[in-house]
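Letters go in sequence order (proteins before strands), and every chain restarts at 1. Any value given below was found using the heavy atoms of this structure, including those in side chains, with hydrogens, waters and symmetry copies removed.
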2 protein chains.
Amino acid sequence: MSNVKKGAINTAHTTSRATVLRLARYLRVLQKLKTVGIINVFSNNLGDAVAVTPAIVRKDFSILGINGNKRGGYNIDLLIEELRRVLGKTDSQRAILVGCGRIGGALLEYKEFVKDGIEIAAAFDTNPEKLNPDGRVPVLPVEQLPEYMAANSIHIGILAVPESAALPVFDTMVKAGIRGFLNFTTVELKCTGRCQYEECPHQCIVQNVNISLELESLFYLVNLKERGMVT
Amino acid sequence: MSNVKKGAINTAHTTSRATVLRLARYLRVLQKLKTVGIINVFSNNLGDAVAVTPAIVRKDFSILGINGNKRGGYNIDLLIEELRRVLGKTDSQRAILVGCGRIGGALLEYKEFVKDGIEIAAAFDTNPEKLNPDGRVPVLPVEQLPEYMAANSIHIGILAVPESAALPVFDTMVKAGIRGFLNFTTVELKCTGRCQYEECPHQCIVQNVNISLELESLFYLVNLKERGMVT
DNA sequence: TAGATTGTTAATCGATTAACAATC
DNA sequence: TAGATTGTTAATCGATTAACAATC
């Protein structure tokens, strides 16, 4: 619980995932604004772009020790620099992908990754037909995962295997050193910020993308809204 | 703001999206448990399965007016029935898909949808090569969207078009009657529960699935955690 | 200067948790 | 009965919002 070191983002009272999510969004928006030639941004600009109130933007920055000008807002270059510093913008954003089915295959070709400086360094599958060690992104047999990981310093993995393979593959990936997961399987790897998995002694961070569940809850939400039963 | 009718889920103090998400998850878990032959479930079973505390489970149910037995927990059949009632489990869970690129194409074949009783009734694209009006799922030109919608009562849509097309297509879909969106484009349709879009007078519900952003924030989270700067 | 925007405090809000009486 | 689990209240926690003094 209190394995949080001092001098951290958490110093005051604001926290973790939701905040980091917001910071990442601010950074993206700022980078876009910069290409348009904007020099100063105001808390309400950023608030609009990220759909939060200006007060939240200011508070977020205030907690991080980022200051603006009482009149001129925030200098975009400084702001970007500070956010990158806080977020520890790693120069290499490399991830591996396990599972090259429909979804995995789509991600292999996903152009946004390139735009955002994310690189899928290698992919893995069990199906011999999918293998392609010499492709733009090498597709290797899963057995080679530990070996590959040992030779490459990568900590983020995308999990896009069938339900039945999810748990064992998750395990393999954790053991091989993956610490952050983008999980497209239907198995909800029970993590809410902190990994609660017994097999995961490393407190990995798992972000579940449960497409089917999200679509299903949309049906409910729309239905409930029509019945006036939801905010 | 206060367009919430009375006698609603919101009666007391619990609310909307997070809650509905949880309810949907309970329901899924219950249906799985039922296939295994379970008859009674306890709040801690469900809590474990959905990664929340038993107290939350009980509170959720209590607010909905769902009661269990002090000793025997909840009867699974009754519980499923009640949840379906509350969620207004629509007999038809049909959605349309716009954009049949890599991601959209993967969703067209997504087997989980079938398992969960979700049907993609039709898909739309601008690329003539993608069209296939007579396929298992008909793929039609986007121009036919309004016409199709007029003839079919569907309110949920999946948006998987390129960034440049996102806004106009969103607009078209709203005008045609879509009220709930699963948005795979990088354009964040600014909705946090309530649609804030001017072009959207209907307060649609948008669920953004920003894969690239989620992956990127994973890099940050893992990095921050290593530096002890995050919960 | 006058006007606008920051930075911060205190108030509010809502959701989670602890705790325990009721009871099966 | 004894033990376990619900249902609910009150306490806690954390995040958002309102408001405004400071100041560029």
Any residue meeting ring-ring contact (aromatic ring centres under 6.0 Å, His included) with B/F42, in chain and number order, not counting sequence neighbours = none

For the pair made of [atom1] in [X] and [atom2] in [N], what is the distance, rounded to whole Å?
X: B/N44; N: D/dG7; atom1: CG; atom2: C1'; result: 15 Å
X: A/N69; N: D/dA22; atom1: CG; atom2: P; result: 19 Å
X: B/I56; N: D/dG7; atom1: CD1; atom2: P; result: 16 Å
X: B/F42; N: C/dC24; atom1: CZ; atom2: P; result: 15 Å
X: A/L78; N: C/dT6; atom1: CG; atom2: C1'; result: 16 Å
X: A/I66; N: C/dT8; atom1: CD1; atom2: P; result: 13 Å
X: A/R58; N: D/dC20; atom1: CZ; atom2: P; result: 14 Å
X: A/K70; N: C/dT8; atom1: NZ; atom2: P; result: 7 Å

Phosphate OP1/OP2 of [N]: any [X] side-chain N/O under 4.0 Å:
X: A/R22; N: D/dT16; value: yes
X: B/S62; N: D/dG7; value: no
X: B/N67; N: D/dT6; value: no
X: B/T53; N: C/dT16; value: no

Would you mind telling me which of B/Q31, B/R28, B/Q93 makes a side chain to side chain donor-acceptor pair (under 3.5 Å) with B/D116?
-> B/R28

Please work out if B/G72 contacts a base, only the sugar-phosphate, or nothing of the nucleic acid, heavy-atom cut-off 4.0 Å.
-> nothing

With heavy atoms under 4.0 Å as the rule, sort B/Y74 into base, sugar-phosphate or nothing.
-> sugar-phosphate

Comparing nearest nucleotides in DNA chain C, the 5'-proximal residue of the pair A/G68, A/R71 is A/R71

Sequence neighbours left out, what pairs pass ring-ring contact (aromatic ring centres under 6.0 Å, His included) with at least one residue falling in residues 50-79 of chain B?
-> B/Y26-B/F61, B/F61-B/Y74

Duplex segments of DNA chain D, taken as runs of at least three Watson-Crick or G-U pairs that stay under 3.5 Å | C:3-24 with D:3-24

